[in-house]
Structure formats: C-alpha cells, structure tokens
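All residue numbers refer to positions in the sequence shown, counting from 1.
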Amino acid sequence: DGVKRAWLYQNAVYDNKHSEPYVIASATDITDTIKAKNELEKQQQFIHQIIDNSPNVIFVMNEQKEIILSNKTFSKYYSSFQDETHYAADLSKGVNDIFLGDIESLLDLEDGEIIRLEGCMVNEADNNTVNWFNIIKKCFKEKNGKKYVLGFGMDITGRYQVESDLIAANEMVERSLKVKDQFISNMSHEIRTPLNAVIGFSDLLSGTSLNQEQEG
C-alpha cells in the first residue's frame, strides 16, 4: 500500500561444522514504537521551548544537589551556569541567595510541600538591575522515591516599584499634613496673642467712663 514501515533486524551467524555456515535472521515491526518515540521527543522539545522562553526563573534540583534543568532566565542570574550539570552549592551566592541559599532545607521538604517567599536578585547581565521575585519552591517525588525540588520565580519588579512609589507618596502626604498642622498651630498662636491683648485692653476700657466720642 506504499506505507513505509520501520523494522528492527537481528541476525546471528552460526558456524555449521558439517556444512556451510548459516544465518538466522528475524525482523520486528517497530513502526508504532518509532512513532511514539518521535511524538514523545516532539512533546519534550515543545515543553522545553516553553520553559526556556519563559520570563520566569525555572529550575529543578535533584537529591545530589545538582541543577538538572533550568531555563535562560535562570542563566541571567547565574552567568557561570552552562548546559552541563552544575552543583547548586557552586552556583549559590550565599545564604541571601533567594533561589539557592537554602539548599539543605529544601531537601528536607516532604513530597508536595511548598515554600513561598519574596526577595530580590541582581541581574548579572548588567550587574546593576535589581529584580524582585515572588518565589515558589516545591518538593516532588517520582514513583521510585527519588526526590526533586522545583523552583519557580515570577518577576514582580514592576509591582514592587508601584508599591514603593505608593509608600513614598503616602509618607509625603503624611509629612505635608504634619507641616500643615504645625503651620495652623503656629498661626493660631500668632493670631491669638495680639487678639488677647486687644480683648484685654477692650475689657479695661469698658470698665472706665468714656466720653461721647470714645463711645462712638
């Protein structure tokens, strides 16, 4: 029918001492297996492209503390990281590293347990930009019991900047109100002092006899 098939050939040569050697050959149709394998590879490539092009930091660490999967965004903050496997401890920037600063405690997590936190990292691409992240670290196990930690960091620099601006604006308003209250208090004092004097003199004058012109 013109359909191409994939076959796995297995040939064995036998030395027949009494006559010519012969070959026992067998062939197994593996077309469906090859198709399934190709489809799986396509799906893996598709998933890898999604992960690699995500603007979020994504990485997976195994029980040997190796980073076995990461994306391009992860590399922005760990410029020494290449395609080969790296130990998390070699990449970590110390206890303040929001992604790799708690390696030991991450491996103590139970299957399905999650850690959530917020923190900042310096972008090593320019060594100046500080990005803030909302971070999730989750432990999961395979059926064979092997433990892994998935790290996910969403850039919230924009939200953090807005919050910082709102806090700064609120502080400015509070300072303005304090200045206003102080100004009103001072002005009340400045106005009240001469008024008290005028009222006092008026009281004194009202207690004495006045001529017709003064009464007018």
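In the hydrophobic clustering of this structure, W7 does not group with I34; members are Ile, Leu, Val, Met, Phe, Trp, Tyr whose side-chain heavy atoms approach within less than 4.5 Å, directly or through other members. Residues I136 and V60 do not share a hydrophobic cluster, defined by chaining ILVMFWY side chains whose heavy atoms lie under 4.5 Å apart. The hydrophobic cluster containing I68 does not contain I50, counting ILVMFWY residues as joined when their side-chain heavy atoms lie under 4.5 angstrom apart, directly or transitively. A continuous path of ILVMFWY side-chain contacts below 4.5 Å connects F152 to I47, so both sit in one hydrophobic cluster.
Between the CZ atom of F59 and the CG atom of L91 there is a distance of 10.0 Å, given to the nearest 0.5 Å. Atoms NZ and CG, on K65 and D90 in that order, are 11.5 Å from each other to the nearest 0.5 Å. A distance of 14.0 Å separates CE in M154 from CG in N131, rounded to the nearest 0.5 Å. Here I156 contributes atom CD1 and E118 contributes atom CD; the two are 3.5 Å apart, rounded to the nearest 0.5 Å. From M121, atom CE reaches atom CD1 of I135 across 8.5 Å, with rounding to the nearest 0.5 Å. Here the CD-CG distance, from Q45 to L40, works out to 10.0 Å after rounding to the nearest 0.5 Å.
When all heavy atoms of N11 and A25 are compared, the pair lying nearest together is OD1-CB, 3.0 Å.
Annotation: R116, atom CZ; neighbour count of heavy atoms from other residues, nucleotides and ligands within 6.0 Å does not exceed 12. Sparse packing is recorded around CD of E110, with 12 or fewer heavy atoms of other residues, nucleotides or ligands lying under 6.0 Å away.
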Query raised in the report: What do the steps show when you test V3 against T31 for side chain to side chain contact (heavy atoms under 4.5 Å, CB included), and what is the final call?
Result: CA-CA 11 Å; V3 177; T31 305; over 6 Å; no
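In terms of modelled atom types and a separation under 3.5 Å, the side chain of N71 and the main chain of N56 share a donor-acceptor contact. Within the 3.5 Å criterion, the main-chain N or O of S54 finds a donor-acceptor partner in the side chain of T73. Under the 3.5 Å distance criterion, the side-chain polar atoms of D52 are matched with a main-chain donor or acceptor of K72.
Scored by the ring pair (Phe, Tyr, Trp, His ring centres under 6.0 Å) test, Y14 finds Y22 as partners (sequence neighbours excluded). A search for salt bridge (charged side-chain N to carboxylate O under 4.0 Å, His left out) contacts involving D155 returns nothing, not counting sequence neighbours.
For the pair Y78/D97, a side-chain contact is recorded, criterion being any heavy-atom separation below 4.5 Å from C-beta on.
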Donor-acceptor contacts under 3.5 Å from residues 137-150 side chains, at least two apart:
residue: K137; atom: NZ; partner: I98; partner atom: O; Å: 2.8
residue: K137; atom: NZ; partner: F99; partner atom: O; Å: 3.2
residue: K137; atom: NZ; partner: D102; partner atom: OD1; Å: 3.0
residue: K137; atom: NZ; partner: D102; partner atom: OD2; Å: 3.4
residue: E142; atom: OE1; partner: N144; partner atom: ND2; Å: 3.4
residue: N144; atom: OD1; partner: K146; partner atom: N; Å: 3.0
residue: K147; atom: NZ; partner: L107; partner atom: O; Å: 2.9
residue: K147; atom: NZ; partner: L109; partner atom: O; Å: 3.0

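Side-chain contact of N53 with Q49: a donor-acceptor pair under 3.5 Å is absent, judged by distance alone.
Taking the six-membered ring for Trp and the full ring otherwise, the centers of F133 and Y77 sit less than 6.0 Å from each other.
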